[in-house]
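Worksheet: the structure to be examined is printed underneath.
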Protein chains: 2
Amino acid sequence: MALRHAVLAALLDGESSGYELAKTFDAGMANFWHALPQQLYLELTKMEKDGLIQGRAVIQETRPTKRLFSVTSAGLAELERFAESSAKPAFVRDDLLVKVRAVDSTSAKAVIEQLEERALIATAKIDIFERYMERQRGDADEQAFLNSGDRIGPYLTCLRGLRFEQETADWCRQTAHILRERCGANADT
Amino acid sequence: MALRHAVLAALLDGESSGYELAKTFDAGMANFWHALPQQLYLELTKMEKDGLIQGRAVIQETRPTKRLFSVTSAGLAELERFAESSAKPAFVRDDLLVKVRAVDSTSAKAVIEQLEERALIATAKIDIFERYMERQRGDADEQAFLNSGDRIGPYLTCLRGLRFEQETADWCRQTAHILRERCGANADT
DNA sequence: CGCTATTACTCATATTCTTGAGTATGGTGA
DNA sequence: TCACCATACTCAAGAATATGAGTAATAGCG
């Protein structure tokens with residue numbers, strides 16, 4: 001019952017079709033939620049049935065008909081209820097961390113490569129987040145925007161995403177470096 | 001099929017019963033994996049059947065008999081295979097971020113409280129991680145330990161956990177502050 | 001003219017995770 | 001002494017997620 005709140009939050013940006021959501025959802029949530037298209041379509045259907053969102057069909061001449069969904073007042077009420085309910089603890093799951101944790105008992109080479117690859121991915125995300133944030137705050141500087149902008153939620157979560165990815169990139173590079181040094185000295189394994 | 005790798009990594013610290021694992025797993029994985037006791041018991045049973053770990057019963061006089069599991073050579077081979085397979089992208093899921101993302105459309109009060117609460121939780125984890133790291137590196141300084149310690153995997157992941165929680169605490173406090181300021185100005189909602 | 005990519009979805013199945021309830025024994029505090 | 005907590009697990013059912021395979025039409029490329 002949590003995906004639906006993430007979907008509601010995403011739809012606050014404006015009405016969207018399942019297809020559009022599916023493409024922007026992960027990035028739009030600044031990587032603090034993830035869902036596959038199939039899940040989103042299913043959830044949107046259920047949410048409409050429950051009255052939290054409302055769909056309207058848009059017939060296109062050259063493309064298949066799509067359904068654009070927007071949050072209803074019942075949806076807003078549900079979000080309010082959600083905001084007031086106690087939050088579950090954050091939930092991180094990362095294969096790469098597991099690999100690093102076990103690195104003393106495996107060969108380090110592959111792990112080093114994956115750390116470097118992950119650093120690059122993180123850097124790319126940093127770029128996306130920074131561009132999004134620049135666009136959001138426009139001419140204002142960050143402080144001014146946060147003090148008086150009228151929609152700061154997405155900006156704030158993006159800030160968290162940005163810092164998370166910066167830490168990820170730093171840690172990956174540093175860890176890769178340390179493991180490489182040791183590989184040079186030791187005989188791998 | 002990913003929990004099993006996390007369990008294998010956790011068992012590298014030494015043999016452990018399901019019960020002990022259940023208590024230490026989340027913290028021991030520096031919060032980069034999470035599982036409930038029931039999942040762990042089930043997974044341990046399957047892993048033993050698959051030959052990745054080996055259990056031995058320890059009959060205790062005053063407590064129920066427990067089974068201690070340790071990683072077999074097949075388990076090590078599986079870890080090696082895992083280390084070399086391509087990693088899935090990291091996976092974060094956080095209710096609180098969803099709430100912040102939607103905060104412009106809900107009352108901010110409850111969200112502020114949860115941000116502050118989360119900052120405290122993060123601070124407590126920082127403490128745990130720091131104490132673990134001190135214990136691990138002993139007299140050596142960090143650089144020396146990382147260069148020549150013989151088991152650095154858990155330390156490295158703990159480092160990541162530490163920084164993650166520090167960022168969490170900072171961001172939560174900053175975000176709570178910003179929202180409080182705006183609440184003072186605006187009329188909530 | 002065929003090939004692939006893009007838009008816009010659906011359905012079914014499988015795996016994984018969570019929730020809730022139970023079992024059994026011994027130690028601890030009021 | 002009696003309830004409650006800790007140890008040490010098990011089982012079953014349900015919800016949530018992931019995987020894989022389709023459908024169907026247009027647009028652009030060579």
Side-chain angles (χ1 to χ4, degrees), chain A residues 1-8 11 15-26 29 31-50 52-53 55-69 82 85-95 98, chain B residues 1-7 15-26 29 31-50 53 55-69 85-95 98:
Chain A
M1 278 305 122
L3 173 59
R4 65 175 42 194
H5 299 119
V7 170
L8 285 171
L11 286 178
E15 62 177 5
S16 170
S17 69
Y19 187 77
E20 282 158 16
L21 249 196
K23 276 194 304 180
T24 61
F25 188 71
D26 287 20
M29 290 309 281
N31 296 282
F32 286 102
W33 211 274
H34 148 83
L36 296 165
Q38 292 94 318
Q39 255 177 288
L40 291 171
Y41 283 120
L42 202 68
E43 193 62 36
L44 285 167
T45 307
K46 284 197 243 158
M47 287 167 76
E48 190 181 22
K49 214 177 60 195
D50 294 346
L52 303 179
I53 57 175
R56 63 182 184 95
V58 173
I59 296 152
Q60 301 172 107
E61 271 164 38
T62 133
R63 297 262 152 232
T65 297
K66 63 181 172 184
R67 282 169 65 61
L68 295 179
F69 295 96
F82 171 65
S85 72
S86 76
K88 289 190 184 176
F91 184 101
V92 185
R93 196 157 275 193
D94 192 343
D95 274 6
V98 174
Chain B
M1 278 305 120
L3 173 58
R4 64 175 43 195
H5 299 119
V7 170
E15 61 177 7
S16 170
S17 70
Y19 187 77
E20 281 158 17
L21 249 194
K23 275 194 304 180
T24 60
F25 188 72
D26 287 19
M29 291 307 282
N31 297 281
F32 286 102
W33 211 275
H34 148 84
L36 297 164
Q38 290 95 319
Q39 252 178 293
L40 291 172
Y41 283 120
L42 201 67
E43 193 61 37
L44 285 168
T45 307
K46 286 197 241 158
M47 287 167 76
E48 191 181 23
K49 213 177 60 196
D50 294 346
I53 57 175
R56 64 181 183 95
V58 173
I59 296 150
Q60 301 173 109
E61 271 164 37
T62 132
R63 299 259 152 236
T65 296
K66 62 181 171 183
R67 283 169 64 60
L68 295 180
F69 294 97
S85 72
S86 76
K88 289 191 183 174
F91 184 100
V92 186
R93 198 157 273 192
D94 192 344
D95 273 8
V98 175

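In what follows, chains are A, B, ... by sequence order, proteins preceding strands, each numbered from 1. It should be emphasised that the depicted structure is a prediction, and the values quoted were computed from it without experimental measurement.
- Considering every non-hydrogen atom in both A/V98 and B/H5, the closest pair reads CG1-O, 3.6 Å.
- At a cut-off of 3.5 angstrom, counting only N and O atoms as typed in the model, there is no donor on one side facing an acceptor on the other between the side-chain of B/Q60 and the base of C/dG26.
- Nucleotide C/dT18 holds its C1' atom 15 Å from the CD atom of B/E43, rounded to whole Å.
- Using a 4.0 Å heavy-atom cutoff across all strands shown, B/R93 reaches sugar-phosphate atoms only and no base atom.
- Following rounding to the nearest Å, B/K46 (NZ) and C/dC17 (P) show an atom-to-atom distance of 9 Å.
- Distance from the side chain of A/T62 is smallest to D/dA27 among D/dA27, C/dT18, D/dA8.
- When rounded to the nearest whole Å, the span between CG of B/L40 and C1' of C/dT16 equals 13 Å.
- When rounded to the nearest whole Å, the span between CG of A/L44 and P of D/dT17 equals 14 Å.
- Distance NZ (A/K66) to P (D/dT23): 25 Å, rounded to an integer number of Å.
- The distance from the CG atom of A/L44 to the CZ atom of A/R4 is 10.0 Å, given to the nearest 0.5 Å.
- Across all strands, B/Q39 comes closer than 4.0 Å to base atoms (heavy-atom distances).
- Taken from OH in A/Y41 to CG in A/L21, the straight-line distance is 9.0 Å, to the nearest 0.5 Å.
- Among all heavy-atom pairs drawn from B/D95 and A/A87, the shortest one is CB-CB, 4.1 Å.
- The A/Q38 side chain lies nearest to D/dT19 when the options are D/dT19, C/dG27, D/dC11.
- When each of B/F91 and B/R67 is assigned the nucleotide of DNA chain D with its nearest heavy atom, B/R67 is the one assigned upstream, toward the 5' end.
- The shortest distance between the side-chain N/O atoms of A/S17 and the OP1/OP2 oxygens of C/dT7 is not below 4.0 Å.
- Summarising the geometry, atom CD belonging to B/E20 is positioned 9.0 Å from atom CD belonging to B/E15; distances are rounded to the nearest 0.5 Å.
- Closest approach to the A/Y41 side chain among D/dC9, C/dT18, C/dA8 is made by C/dA8 (side chain taken as heavy atoms from C-beta onward).
- At whole-Å resolution of the value, CZ in A/F69 and P in C/dA8 are 13 Å apart.
- Nearest to the side chain of B/Y19, among D/dC9, D/dA27, C/dC9, sits D/dC9.
- The side chain of A/W33 sits closest to D/dT17 out of D/dC9, C/dA8, D/dT17.
- A/H34 has a side-chain polar atom (N or O) that falls below the 4.0 Å cut-off from OP1 or OP2 of D/dA18.
- Atom CG in A/L42 sits roughly 15 Å away from atom C1' in D/dG20 (whole-Å rounding).
- At least one side-chain nitrogen or oxygen of B/K23 sits closer than 4.0 Å to the OP1 or OP2 atom of D/dT7.
- Distance, A/E20 CD to C/dT6 C1': 13 Å, rounded to whole Å.
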